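Residue numbers begin at 1 in each chain, while the letters A, B, ... track the order of the sequences. Because the structure is predicted, anything quoted here is derived from the model rather than measured.
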Number of protein chains: 2
Amino acid sequence: MEEQLSERGKRILEAVIEDYIATAEPVGSRTLTKSHALALSPATVRNVMSDLEEMGFLTSPHTSAGRIPTDKAYRLYVNSILEVRNLTRDNREEIKRRCQLAGKDISEVLKETSRLLSSTSSYMGVVMAPRFAANVFRQLEFVRLSSHRLLAILVSQNGAVQNRLIETDHEIGQDDLVRMGNYLNEQLKGLTIAQVRERLLFEMKSEKVRYDAMLSQAIVLSEATLKSDDTQIFVEGQANILEQPEFHDAAKMREIFRAFESKGLILDLLDRAMQAEGVQIFIGSESHLVKMEGMSLITSTYMTGKDTVGVLGVIGPTRMGYGRVIPIVDYTAKLISRLLETE
Amino acid sequence: MEEQLSERGKRILEAVIEDYIATAEPVGSRTLTKSHALALSPATVRNVMSDLEEMGFLTSPHTSAGRIPTDKAYRLYVNSILEVRNLTRDNREEIKRRCQLAGKDISEVLKETSRLLSSTSSYMGVVMAPRFAANVFRQLEFVRLSSHRLLAILVSQNGAVQNRLIETDHEIGQDDLVRMGNYLNEQLKGLTIAQVRERLLFEMKSEKVRYDAMLSQAIVLSEATLKSDDTQIFVEGQANILEQPEFHDAAKMREIFRAFESKGLILDLLDRAMQAEGVQIFIGSESHLVKMEGMSLITSTYMTGKDTVGVLGVIGPTRMGYGRVIPIVDYTAKLISRLLETE
DNA sequence: ATTAGCACTCAAAAACCCAGAGTGCTAACC
DNA sequence: GGTTAGCACTCTGGGTTTTTGAGTGCTAAT
């Protein structure tokens, strides 16, 4: 059944996919012979297309329309037919220009990166901030806001900052805070955030801490700081998606927006993408998420030094310009990695 | 020309508005007499409606459709007809429950507030973070990330945090940073952020600093930290807007999303809303922004202590449930003010 | 002043028709 | 054999026409 795909079959499949990517319309034998210079008659093409349909690479929405590629076809396409174009110099320049971290908040940089991805690809950009837990602890700082309220600021090696408001039962003076801070910073130096957490839980039970009210207070506070590691995700350029003809229909639009409103869905996907290093492509139903039907995701991980710390990418319709977008994602990820290098 | 509106006229106008709010369909004399128990025949109602149209309170999209309220009508409605309902206990409880700042990032709290506004109103929630420049300086902290890169963390009185990555030319040691920090914190205590900035620019030129390389370095660094006060705005629940029948049409949807993509538009509006204290309502074209045609904005300022520091609200179609939404916005703003109190 | 009655209007929905793009099949062709 | 021309058939989308029904404005009666 699964007979080998002939060279000609491939060529025609490619042509169909490219036509469909360009027009978003089902493509028929006739149009195909015209737009692509295949030295074949429509009738022949029809036969081949019929075969491709049988093999599961094409479907027709109804009997007398043209045919559209299936997810399986896209998969084949990106795996073995597509040749990735190089980025133009302009593109590269623009990306470099807009990924500049000096003088900015780190999350601001990531948001800008997301915006950048969206505007250069003209689909949706998505960036997942470095997972905090995997980062290396750098410094913990307490700032007293009022008698019962203080602010904990946690800084990681690569410059990511998290802060938490903390309400305390007892009054705490500024000098207490400084002492606590010093103690903790000493203790926790060089650990990853996840390790820090373990350490704190462990210390909570130790003899020494048990008899020092202030220390135990400090531990409790920093524990509070660490829990709830809500990973930040930046999704930008949703309006771009609305431009795509396949989503012109209002109901579909709404569905998509609802889906992306809670970041949970994307988080799942990106988490999965982080398992492997480098560029990855999820096509439509491959993600096994119903909501992602008709959409593809191109991601790449980025790193600081040797550790994969995050992932970024582009979400668009399955019918997206893979050849154009893949290098954008790839290059951007590499650039971010370079920027985040701790030297 | 501008004759006085009769009592009956008001009653009917109210009925029209309420019907239109409920159905989003032009309302005719017949339907009106049925839904609202007016002891009048359709014909009479027609006459009155005709008068209202002449006075500019109603328009008809075409001759044989019902009528819809104009912006002017909404204005009259919210000013002198509408009676604001009280919040239900449930509503109040939910708002309280979800506005909880302990253990969270301050911007996380604001984002959640925005989400809350959107979900309780079922329109779009919007929150503008406290304008940083107006805040009172609390602490400035430098963290050394690597030999040429450091992180400046600026904390304001109410717990808002901004941080910036800074690249330096010369190498700077950790102890230098501590000394700089101490010096600056001493100097800048109690000033507003805006004043801090002025002060720094002034100090840059002073004799004392000119001859102390380290100090001048510190000044330059903190200047870098302060510039670009990008006010954060949180807009949530855009998908809610898509649910509204008046935006079912795809082109309109896209337009709205494009408009809100750059936060500039909203920023303008919110800035204006911040001029006056308390709840404010902008109806459709009143905002003089073409993009806001067909949309209304209900805002309220919130404060820490006696100072107005930010503004939050709900954006929806002009045809929105004012009576329901106004108290939501009002209550939320008050709650946030309470939470931000420095004690 | 109010209302019943009536002729008139208009947009939206339904019904209808037609052209065009596409298919599958068969038979001829190289 | 693979390829192609020819043909009958199918379906969708777009345009036109018809119908329907809610709504209006006016006039005349209450």
From C-beta outward on Asn47(B), which listed nucleotide comes closest to its side chain: dT4(D), dG24(C), dT3(C)? dT3(C)
At 4.0 Å (heavy atoms only), tell me whether Ser29(B) reaches a base, stays on the sugar-phosphate, or touches nothing. sugar-phosphate
Rounded off to whole Å, could you give me the CD1-to-P distance for the Ile68(A) and dT12(D) pair? 14 Å
Looking at Thr44(B), I'd like to know whether one of its side-chain N or O atoms comes within less than 4.0 Å of OP1 or OP2 on dT3(C). yes
For Thr31(B), report the nucleic acid contact type (base, sugar-phosphate, nothing); a contact means any heavy atom under 4.0 Å. sugar-phosphate
Nearest-nucleotide check on DNA chain C, Arg30(A) vs Arg46(B); residue mapping nearer the 5' end is Arg46(B)
Distance alone, cut at 3.5 Å: any donor-acceptor contact between the side chains of Gln244(B) and Arg319(B)? yes
If you check every side-chain atom of Arg8(B), which of dA21(C), dT2(C), dA22(D) has the closest atom? dT2(C)
Whole-Å distance separating the CD atom of Glu25(B) from the P atom of dC10(C): 20 Å
Rounded interatomic separation in angstrom, taking NE2 from His62(B) and P from dC8(C): 19 Å
With the side chain defined as heavy atoms from C-beta on, Arg67(B) is closest, among dG25(D), dT9(C), dT3(C), to dG25(D)
Nearest-nucleotide check on DNA chain C, Thr63(B) vs Ala43(B); residue mapping nearer the 5' end is Ala43(B)
What I want to check is whether the side chains of Arg324(A) and Asn91(A) have a donor and an acceptor closer together than 3.5 Å. no
When you measure from the side chain of Ser64(A), which nucleotide among dT24(D), dT10(D), dA4(C) comes out closest? dT10(D)
Give a yes-or-no answer on whether the side chains of Arg98(B) and Ser119(B) include a donor-acceptor pair shorter than 3.5 Å. yes
d(CG, Asp51(B); P, dG25(D)) in whole Å: 10 Å
What distance do Phe260(B) atom CZ and Ile266(B) atom CD1 have between them, rounded to the nearest 0.5 Å? 5.0 Å
Could you tell me the separation between the CE atom of Met49(B) and the P atom of dG23(D), rounded to a whole number of Å? 9 Å
Please state whether the rings of Tyr74(B) and Tyr322(B) are parallel, tilted or perpendicular, taking 30° and 60° as the class boundaries. tilted
Leu32(A) CG to dA21(C) P: how many Å, rounded? 15 Å
